[in-house]
Amino acid sequence: MINGHGDDLYLYEQKITANFSSNAFYGADLHGLKQHLSEHMEVIASYPEPEPYTLEALMAQKYGLQKEEVCVTNGATEAIYLVAQAFAGCRSGIVMPTFSEYADACCMHQHRVTSLYSLQMLPNNLEMLWLCNPNNPTGKVFDKAELTALISKHSDICFVIDQSYEDFTLKPLLSASEAAEFPNVILLHSLTKRFSIPGLRLGYVTASSALLQRIRMKRMPWSVNALAIEAGKYLLNKTDNLLNIEEYLLETDRLATLLQKTGCFDVWPTDTHYLLAKLRIGKASALKDYLAKEHGMLIRNASNFEGLDDSFIRIAAQTPEQNNALVSAIDCYLTKN
């Protein structure tokens, strides 16, 4: 695992009061979940299901799938490593810049990895293609029609599409039921981001039953703990709208405009709630340390994404007040430097 993921509050003695480094939704109301889990704490006294059959069946029903087309995992990251293990030794292409765990998982399981920066011309010998959609860290969403056409055209390539941020965009994406109709598509999903439960580690994979059978063979028993399963069952039945994505994206656009106006950043267009920006002067690490130590604000140093240098940062929009405070703190940094 490459050092330098977001949400690294543990690196700082100072209290972090505004976390722009994590892409989990800042506004999730966890009171109901906490109350539910406190009323079901007895589950920790027994082993969970060796495989989370009950939660998988509930998910299948919710998303219009067969239960064999859903595989619940210990976060989307376990799913990434399970896929890489199930297809060990493949010739894999990874669309960069993106989440480092795809490359790490592939290297662990002897994939021959090629870094790609476009979907226009795929290598002839490719067996597996990994892409994040919406992509981390750029926020780009691949056009659904073009992606579907590519999947149909390259039936010999298995497409692993990480849709962990699918709740944070208005752009059309492949649904779980649509993807399951393809024999060469694996979708990765996360409950962490929308519901802001990264500590519980809860994700899932949807694909055809044949693909998932191959992946399940690599999953360890009891990999998903009892509290995570209980949380999943609770959140699956939650009907109130925790996230107003339209308002959130408008606030993200406003933040991008404010950052551009500082004159210090080139800001990439984004289709989701986080954005990639390049410092015109200075290093991302210096800005990150200043904001954390002087203002209690945490941003993501994005310099360790392949294809990016030490001037890149990633920021997930927070409340309007916190976003304004971040820009003011950056103005202070620019004045001092």
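Keep in mind it's a predicted model, so treat the numbers as computed, not measured. Residues: numbered from 1 along the sequence shown.
For the side chain to side chain donor-acceptor pair (under 3.5 Å) condition, the pairs that include at least one residue of residues 127-136, sequence neighbours left out, are Ser92-Trp130, Thr98-Asn135, Asn135-Thr138, Asn136-Arg314. Screening residues 43-63 for salt bridge (Lys or Arg N to Asp or Glu O under 4.0 Å), with sequence neighbours left out, gives Glu51-Arg219, Glu56-Arg216, Glu56-Arg219.
Residue Glu13 places its CD atom among 12 or fewer non-hydrogen atoms of other residues, nucleotides or ligands, all under 6.0 Å distant. Other residues, nucleotides and ligands place more than 12 heavy atoms under 6.0 Å from the CG atom of Asn125. By the 6.0 Å contact criterion, CD on Gln14 is enclosed, its count of non-hydrogen atoms from other residues, nucleotides or ligands being greater than 12. Around CD of Gln120, the count of heavy atoms belonging to other residues, nucleotides or ligands within 6.0 Å does not exceed 12.
A continuous path of ILVMFWY side-chain contacts below 4.5 Å connects Tyr333 to Leu255, so both sit in one hydrophobic cluster. Hydrophobic clustering places Leu191 together with Leu37 (ILVMFWY residues linked when any side-chain heavy atoms are closer than 4.5 Å, directly or through intermediates). In terms of hydrophobic clustering, with Ile, Leu, Val, Met, Phe, Trp and Tyr side chains grouped at heavy-atom distances under 4.5 Å, Leu119 and Leu126 are assigned to a common cluster. Cluster membership for Phe99 and Leu308, using ILVMFWY side-chain heavy atoms within less than 4.5 angstrom, is not shared. Linking ILVMFWY side-chain heavy atoms closer than 4.5 Å, directly or via other members, places Tyr102 and Val205 in a single hydrophobic cluster.
Using modelled atom types, no side-chain atom of Asp8 and backbone atom of Leu11 make a donor-acceptor pair closer than 3.5 Å. Here the side chain of Gln318 pairs a donor or acceptor atom with the backbone of Asn19 at under 3.5 angstrom. With His273 contributing its side chain and Asn23 its backbone, the two residues share a donor-acceptor pair below 3.5 Å. Formation of a donor-acceptor pair under 3.5 Å by the Thr262 side chain with backbone atoms of Leu258 is not found in this model. In this structure a side-chain-to-backbone donor-acceptor pair under 3.5 Å is present from His111 to Phe87. Put simply, the side chain of Tyr248 gets close to the backbone of Ala317: a donor and an acceptor are under 3.5 Å apart.
Contact check for Cys158 versus Ile186: side-chain heavy atoms found under the 4.5 Å cut-off. Within the 4.5 Å cutoff, no side-chain heavy atoms of Val327 are placed close to those of Ile330. Side-chain atoms of Phe265 and Leu279, non-hydrogen and from C-beta on, do get closer than 4.5 Å to each other. Residues Glu251 and Pro320 are in side-chain contact: their nearest non-hydrogen atoms beyond the backbone lie under 4.5 Å apart. Annotation: side chain of Leu326 is in contact with side chain of Ile299 (closest heavy-atom distance under 4.5 Å). At a threshold of 4.5 Å between non-hydrogen side-chain atoms, the residues Pro123 and Leu116 count as touching. Under the 4.5 Å side-chain criterion, counting only non-hydrogen atoms from C-beta, Phe142 is in contact with Val95. Counting heavy atoms from C-beta outward, Leu298 and Tyr12 have side chains that approach closer than 4.5 Å.
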Does the side-chain contact (heavy atoms from CB on, under 4.5 Å) test come out yes or no for Gln66 and Ser209, once each step is laid out?
-> CA-CA 8 Å; Gln66 300 299 313; Ser209 57; over 6 Å; no
Do Leu147 and Leu131 pass the side-chain contact (heavy atoms from CB on, under 4.5 Å) test, and can you show the C-alpha distance, the side-chain angles, and the key distance before you say yes or no?
-> CA-CA 11 Å; Leu147 185 56; Leu131 60 90; 4.1 Å; yes
Could you go through the side chain to side chain donor-acceptor pair (under 3.5 Å) check for Arg254 and Asn324 one step at a time?
-> CA-CA 10 Å; Arg254 189 183 74 87; Asn324 290 341; 2.9 Å; yes
Decide yes or no on side-chain contact (heavy atoms from CB on, under 4.5 Å) for Met59 and Leu65, but give the supporting numbers first.
-> CA-CA 8 Å; Met59 285 184 166; Leu65 300 167; over 6 Å; no
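Between Tyr165 atom OH and Thr192 atom OG1 the span is 9.0 Å, to the nearest 0.5 Å. The structure places CG of Leu250 at 9.5 Å from CD1 of Ile245, a figure rounded to the nearest 0.5 Å. Annotation: the span from Asp310 atom CG to Ser303 atom OG amounts to 6.0 Å, rounded to 0.5 Å. The structure places CG of Leu211 at 11.5 Å from SG of Cys71, a figure rounded to the nearest 0.5 Å. Taking CG of Asp331 as the start and NZ of Lys261 as the end, the distance is 12.0 Å to the nearest 0.5 Å. We find the SG-NE2 distance between Cys332 and His295 to be 5.0 Å, quoted to the nearest 0.5 Å.
Under the side chain to side chain donor-acceptor pair (under 3.5 Å) criterion, Gln163 pairs with Glu166, sequence neighbours left out. Contacts of Lys278 classified as salt bridge (Lys or Arg N to Asp or Glu O under 4.0 Å), with partners at least two apart in sequence or in another chain: Asp309.
Asn184 and Ile157 make their closest contact through ND2-O, 3.0 Å (heavy atoms, listed as atom of the first residue, atom of the second, distance). Between Ile80 and Glu101 the shortest heavy-atom distance is CG2-O, 3.7 Å. Summarising the geometry of Ala79 relative to Leu188, their closest heavy-atom pair is CB-CD2, 4.0 Å, with the distance given to 0.1 Å. The two residues Leu276 and Pro137 come nearest to each other via the heavy atoms CB-O, 3.6 Å. For the residue pair Gly307 and Tyr117, the shortest heavy atom distance occurs at CA-OH, 3.8 Å. Scanning both residues, Thr272 and Gly139, for their nearest heavy atoms gives CG2-CA, 3.6 Å.
Relative orientation of the His154 and Phe159 rings is tilted, given thresholds of 30° and 60° on the angle between their planes.
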For residues 220-234, which side-chain donor-acceptor pairs fall under 3.5 Å, sequence neighbours excluded?
{"residue": "Trp222", "atom": "NE1", "partner": "Pro48", "partner atom": "O", "Å": "3.3"}
{"residue": "Ser223", "atom": "OG", "partner": "Glu78", "partner atom": "OE2", "Å": "3.2"}
{"residue": "Asn225", "atom": "OD1", "partner": "Leu227", "partner atom": "N", "Å": "2.9"}
{"residue": "Asn225", "atom": "OD1", "partner": "Ala228", "partner atom": "N", "Å": "2.9"}
{"residue": "Glu230", "atom": "OE2", "partner": "His36", "partner atom": "NE2", "Å": "2.9"}
{"residue": "Tyr234", "atom": "OH", "partner": "Lys238", "partner atom": "NZ", "Å": "3.4"}

Which atom pairs, one a donor and one an acceptor, fall under 3.5 Å between side chains of residues 168-180 and the rest of the protein, sequence neighbours left out?
{"residue": "Thr169", "atom": "OG1", "partner": "Lys171", "partner atom": "N", "Å": "3.2"}
{"residue": "Thr169", "atom": "OG1", "partner": "Asp271", "partner atom": "O", "Å": "2.8"}
{"residue": "Ser175", "atom": "OG", "partner": "Ser177", "partner atom": "OG", "Å": "3.2"}
{"residue": "Ser175", "atom": "OG", "partner": "Glu178", "partner atom": "N", "Å": "3.1"}
{"residue": "Ser175", "atom": "OG", "partner": "Glu178", "partner atom": "OE1", "Å": "3.3"}
{"residue": "Glu178", "atom": "OE1", "partner": "Lys144", "partner atom": "NZ", "Å": "3.0"}
{"residue": "Glu178", "atom": "OE1", "partner": "Ser175", "partner atom": "N", "Å": "2.9"}
{"residue": "Glu178", "atom": "OE2", "partner": "Lys144", "partner atom": "NZ", "Å": "3.2"}

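Screening Asn74, Leu58, Val72 against Pro52 for a side chain to side chain contact (heavy atoms under 4.5 Å, CB included) leaves a single residue, Val72.
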